[in-house]
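All values below come from the heavy atoms of this structure, side chains included, with hydrogens, waters and symmetry mates left out.
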Amino acid sequence: MKLYFNKTSPYARKVRMVVHEKRLADRIQWHETDPWSDPLDLHDATPIGKVPALVTDDGVLVTESIAIAQHLDQVGDGPSLSGGDPADLLARTSLTQGLIDASFTTVLEARRPADLQWRDWTQRQVRAIDRTIPRLVVPPEGRFDLGDVGLAVALAYL
């Protein structure tokens with residue numbers, strides 16, 4: 001499998017955590033890339049040009065961190081990261097994904113020239129972060145799943 005990633009991407013960090021948890025590091029060809037520089041090898045792998053992007057051993061392209069994480073959970077060794085109540089897992093995974101999205105959007109907006117930044121948009125993202133953090137739940141002892149991976153990544157990125 002080939003994994004295109006960037007070390008600073010919280011989305012790629014989520015996938016890298018799953019690779020570790022599922023003991024797949026030795027099956028991955030790591031392709032660190034800067035998606036902002038429009039690298040040809042990334043575009044050859046995925047027309048979207050985003051990281052992470054996984055090309056499976058069968059040549060199937062999987063994009064979006066949660067889809068890649070689910071695939072890796074199925075093909076890797078180690079405990080399942082998708083156990084427990086499916087509705088609870090989906091709720092926690094989507095909440096932490098939204099937190100990552102709001103944080104990432106805020107970072108990107110701050111990189112634009114000051115006179116082009118959309119302050120109302122940034123403030124909306126910050127309010128979303130502020131509303132979400134109190135709703136996060138510390139995992140109970142013994143549980144570690146994709147929702148908890150998202151939680152760890154979101155908090156680390158913040």
Side-chain angles (χ1 to χ4, degrees), residues 1-36 41-42 45-46 48-111 122 124-158:
M1 293 182 280
K2 295 179 187 175
L3 180 64
Y4 295 84
F5 72 101
N6 183 279
K7 285 185 180 178
T8 62
S9 165
Y11 306 103
R13 183 177 296 170
K14 182 190 305 186
V15 169
R16 289 170 45 219
M17 282 183 68
V18 173
V19 166
H20 172 75
E21 291 296 323
K22 298 303 288 188
R23 302 180 192 121
L24 289 166
D26 61 337
R27 290 181 50 193
I28 300 288
Q29 294 176 30
W30 301 92
H31 293 270
E32 185 175 359
T33 186
D34 174 12
W36 299 104
D41 64 329
L42 178 62
T46 173
I48 300 292
K50 291 173 39 178
V51 294
L54 179 75
V55 179
T56 69
D57 291 333
D58 299 329
V60 175
L61 171 65
V62 183
T63 62
E64 300 303 324
S65 60
I66 192 60
I68 296 170
Q70 289 170 334
H71 173 75
L72 295 174
D73 189 35
Q74 293 173 359
V75 301
D77 296 326
S80 172
L81 298 174
S82 301
D85 176 17
D88 177 63
L89 177 61
L90 183 61
R92 290 182 295 105
T93 302
S94 60
L95 188 64
T96 58
Q97 183 68 33
L99 183 57
I100 292 168
D101 291 345
S103 303
F104 188 73
T105 300
T106 301
V107 168
L108 287 184
E109 190 65 22
R111 290 182 180 170
T122 301
R124 183 176 190 273
Q125 301 309 310
V126 170
R127 288 191 306 270
I129 292 166
D130 290 345
R131 286 190 306 268
T132 302
I133 289 175
R135 299 204 40 197
L136 300 174
V137 178
V138 175
E141 180 130 359
R143 184 191 78 201
F144 188 73
D145 59 21
L146 292 174
D148 301 319
V149 169
L151 175 61
V153 170
L155 293 176
Y157 193 68
L158 283 170

Hey, what do you get for [atom1] ([X]) to [atom2] ([Y]), rounding to the nearest 0.5 Å?
X: Thr93; Y: Gln70; atom1: OG1; atom2: CD; result: 8.0 Å
X: Arg92; Y: Leu136; atom1: CZ; atom2: CG; result: 11.0 Å
X: Leu72; Y: Leu3; atom1: CG; atom2: CG; result: 7.5 Å
X: Leu81; Y: Met17; atom1: CG; atom2: CE; result: 9.0 Å
X: Leu90; Y: Gln97; atom1: CG; atom2: CD; result: 11.5 Å
X: Lys2; Y: Trp30; atom1: NZ; atom2: CH2; result: 15.0 Å

Please give me the minimum heavy-atom distance between [X] and [Y], naming the atom from each residue.
X: Leu89; Y: Leu146; value: CD1-N, 4.1 Å
X: Gly49; Y: Leu42; value: O-CD2, 3.5 Å
X: Val51; Y: Pro35; value: CG2-CG, 3.9 Å
X: Tyr157; Y: Arg13; value: N-NH1, 4.3 Å
X: Ser9; Y: Ala12; value: OG-N, 3.0 Å
X: Arg111; Y: Trp36; value: NH1-NE1, 4.5 Å

Does Lys50 form a side-chain contact (heavy atoms from CB on, under 4.5 Å) with Glu64? I'd like the steps, not just the answer. CA-CA 8 Å; Lys50 291 173 39 178; Glu64 300 303 324; 3.0 Å; yes

With the side chain counted from C-beta on, respond yes when [X] and [Y] share a heavy-atom pair under 4.5 Å apart, and no when they do not.
X: Val153; Y: Thr96; result: no
X: Ile129; Y: Leu99; result: yes
X: Glu32; Y: Phe5; result: yes

Residues Lys22 and Asp73 bridged, charged N to O under 4.0 Å: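 Between Asp73 and Lys22 there is a salt bridge, with a charged N closer than 4.0 Å to a carboxylate O.
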
Would you confirm whether Asn6, through its side chain, and Thr33, through its main-chain N or O, come within 3.5 Å as a donor-acceptor pair? yes

Tell me whether Asp148 contacts the main-chain N or O of Asp145 through its side chain, where contact means a donor paired with an acceptor under 3.5 Å.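 Judged by distance alone, yes, a pair lies under 3.5 Å.
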
Taking the inter-plane angle between the rings of Tyr11 and Phe104 on a 0 to 90° scale, is it parallel (under 30°), tilted (30 to 60°) or perpendicular (over 60°)?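 If you compare the ring of Tyr11 with that of Phe104, the planes turn out perpendicular.
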
Regarding Thr56 and Asp58, is there a side-chain donor-to-acceptor distance under 3.5 Å anywhere? no

Return yes when atom CZ of Arg143 has more than 12 non-hydrogen atoms of other residues, nucleotides or ligands closer than 6.0 Å, and no otherwise.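 Atom CZ in Arg143 is packed in, count exceeds 12.
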
Between Ile100 and Lys14, is a side-chain contact (heavy atoms from CB on, under 4.5 Å) present by the stated rule, with each step listed? CA-CA 10 Å; Ile100 292 168; Lys14 182 190 305 186; 4.1 Å; yes

Does Arg16 form a side-chain contact (heavy atoms from CB on, under 4.5 Å) with Lys7? I'd like the steps, not just the answer. CA-CA 9 Å; Arg16 289 170 45 219; Lys7 285 185 180 178; 4.2 Å; yes

Verdict with reasoning, Tyr4 to Leu54, per side-chain contact (heavy atoms from CB on, under 4.5 Å): CA-CA 6 Å; Tyr4 295 84; Leu54 179 75; over 6 Å; no

